[in-house]
Amino acid sequence: MPELPEVEVVRRGLERWVAGRRVTDVEVLHPRAIRRHLPGASDFATRLSGQRIVAAARRGKYLWLPLDGGGALLGHLGMSGQLLVQPADAADEIHLRVRLRFDDDGPQLRFVDQRTFGGLSLESMSDDVPLPIVHIARDPLDPLFDDELFIKALRAKQTGVKRAILDQNLISGVGNIYADESLWRAKLHYEAPTSALSRPKALLLLASVRDVLTEALGQGGTSFDSLYVNVNGESGYFARSLNAYGRADEPCGRCGSPIRRAAFMNRSSYYCPRCQRK
DNA sequence: CGCGCCTCCTGTGTGC
DNA sequence: TGCACACAGGAGGCGC
């Protein structure tokens, strides 16, 4: 479940159901799921076994579980990854990739991922984040996110505004759904040049991003199908609040014009041709 | 250096 | 029914 609200829903589930527990056994069922752990599957399993998970943290779309040994289990869900807390006797999921068992014999933590774009790895920490994600910008729900710095960097870029807010080095946590929703709220065309954004317009965009992410989180995230679920397998309800994403040919909630779908970056952009002009 | 295209995968829906 | 193709919530790598 990819974007910030969905990942935060998972983080909260992990904090509640996994933090404080000691790993006893690690099973890697698909090597691609730990491909970013360069020493390989047996090293991953050996080093993780015996460690206690002390918390659950997140930046943007990355999740990590700090370990009592000082490092962290870092995870990214990619397009189709799930972290599920499942009773030991629950049948294996078709796309089960990694299984963690705990010393309390309680529910297992399972990494399930159909497309295997996601993955897990063991990392050392650099200050407050795992080393491989030091380049990831703070997300707009982080209390230390610097609004002024973002506005300045955004307007200094030579690109279109949607590309910019999808750039995880500039602002993290925003993906294709929430980019389109934020742009709809701010009445910005996805290809509007960042360098031409007025300061008030840039501030409006940032406020729109924050509002959308916050509202979606309040609804448990966006799910169109069973692929995007929390640690207990439940879907969120924000899909019914979407104004642009996935609504091609449906009337814009503001002006009634049919929402348009355009090809963009090997995927799609949904926008209102009247409210969001270039 | 920054930007933007391509690729890594599996599954589903659509049109012929 | 079968097949080909487009498309799906992401991000790293590489060419320009």
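Values in this document were obtained by computation on a predicted structure and should not be read as measured data. Residue numbers begin at 1 in each chain, while the letters A, B, ... track the order of the sequences.
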Answer for the Watson-Crick or wobble partner of dG9(C), both distances under 3.5 Å, is none
Report task. Please check if Leu48(A) and Trp64(A) belong to a single hydrophobic cluster, counting links between Ile, Leu, Val, Met, Phe, Trp and Tyr side chain heavy atoms closer than 4.5 Å. Result -> no
Report task. Determine the interplanar angle of the Tyr178(A) and Phe238(A) rings, folded into 0 to 90°, and report it as parallel if under 30°, tilted if 30 to 60°, perpendicular if over 60°. Result -> tilted
When Arg36(A) and Arg261(A) are each assigned the nearest nucleotide of DNA chain C, the 5'-most assignment goes to Arg261(A)
Ring pair (Phe, Tyr, Trp, His ring centres under 6.0 Å) pairs touching residues 107-155 of chain A, sequence neighbours excluded, are Phe145(A)-Phe150(A)
Of the candidates dC6(B), dC9(B), dG10(C), the side chain of Met79(A) sits closest to dG10(C)
Between CG of Leu170(A) and P of dC3(B) the distance, given in whole Å, is 10 Å
Whole-Å distance, Ile177(A) CD1 to dA8(C) C1', equals 10 Å
Picking from dA8(C), dC8(B), dA11(C), the nucleotide nearest the side-chain atoms of Arg32(A) would be dC8(B)
Original post:
Does OP1 or OP2 of dC7(C) have a side-chain N or O of Tyr270(A) closer than 4.0 Å?
Top reply: no
Original post:
According to a strict under-4.0 Å criterion, is Thr222(A) in side-chain N/O contact with OP1 or OP2 of dG9(C)?
Top reply: no
Go through the steps to decide whether Leu217(A) and Val9(A) satisfy the test side chain to side chain contact (heavy atoms under 4.5 Å, CB included), and finish with yes or no.
CA-CA 7 Å; Leu217(A) 179 55; Val9(A) 166; 3.9 Å; yes
Practice problem: Kindly say if Gln168(A) contacts the phosphate of dA11(C), meaning a side-chain N or O under 4.0 Å from OP1 or OP2. | Solution: yes
The nucleotide from dC9(B), dG9(C), dC3(B) with an atom nearest the side chain of Thr116(A) is dC9(B)
Picking from dC3(B), dT7(B), dG9(C), the nucleotide nearest the side-chain atoms of Asn176(A) would be dG9(C)
> For dC5(B), does OP1 or OP2 lie under 4.0 Å from any side-chain N or O of Arg163(A)?
Replying inline: yes
Would you tell me if any nitrogen or oxygen in the side chain of Tyr178(A) comes within less than 4.0 Å of OP1 or OP2 on dG9(C)?
no
Taken to the nearest whole Å, CZ/Phe224(A) to C1'/dA8(C) is 10 Å
- Task: Check whether any side-chain nitrogen or oxygen of Arg267(A) sits under 4.0 Å from OP1 or OP2 of dG10(C), and answer yes or no.
- Result: yes
Less than 4.0 angstrom between a side-chain N/O of Arg115(A) and OP1 or OP2 of dG9(C), yes or no? no
Separation of dG4(B) atom P from Lys162(A) atom NZ, nearest Å, is 14 Å
*Using the P atom as the reference point in each nucleotide, state the distance between dC5(B) and dC7(C) in Å, no decimals.*
16 Å
Counting only heavy atoms from other residues, nucleotides and ligands, does the tally under 6.0 Å from NZ of Lys201(A) exceed 12? yes
Rounded to whole Å, OH of Tyr228(A) lies from C1' of dT10(B) at a distance of 11 Å
Rounded to whole Å, the OH-P distance (Tyr245(A) to dG10(C)) equals 8 Å
Nearest-nucleotide check on DNA chain B, His95(A) vs Met265(A); residue mapping nearer the 5' end is Met265(A)
Q.
Please give the distance between the C1' atoms of dG9(C) and dC3(B) as a whole number of Å.
A. 23 Å
Note to self: With a 6.0 Å cut-off (strictly less than), is the heavy-atom count around CZ of Arg35(A), excluding the residue itself, greater than 12?
What the structure shows: yes
Regarding the side chain of Asn266(A), the nearest nucleotide among dA11(C), dT7(B), dT10(B) is dT7(B)
### Message
It should be established whether Ser80(A) places a side-chain nitrogen or oxygen under 4.0 Å from OP1 or OP2 of nucleotide dG9(C).
### Response
no
Quiz item: So, is Lys157(A) close to the dC3(B) phosphate, meaning a side-chain N or O under 4.0 Å from OP1 or OP2?
Solution: yes
Review point. Phe117(A) on top of dG10(C)'s base, within under 5.5 Å and under 30°?
Key: yes
Test Leu120(A) against His37(A) for side chain to side chain contact (heavy atoms under 4.5 Å, CB included), laying out the working first.
CA-CA 7 Å; Leu120(A) 305 177; His37(A) 187 83; over 6 Å; no
When rounded to whole Å, the NE2 to C1' distance for the pair His30(A) and dC9(B) reads 9 Å
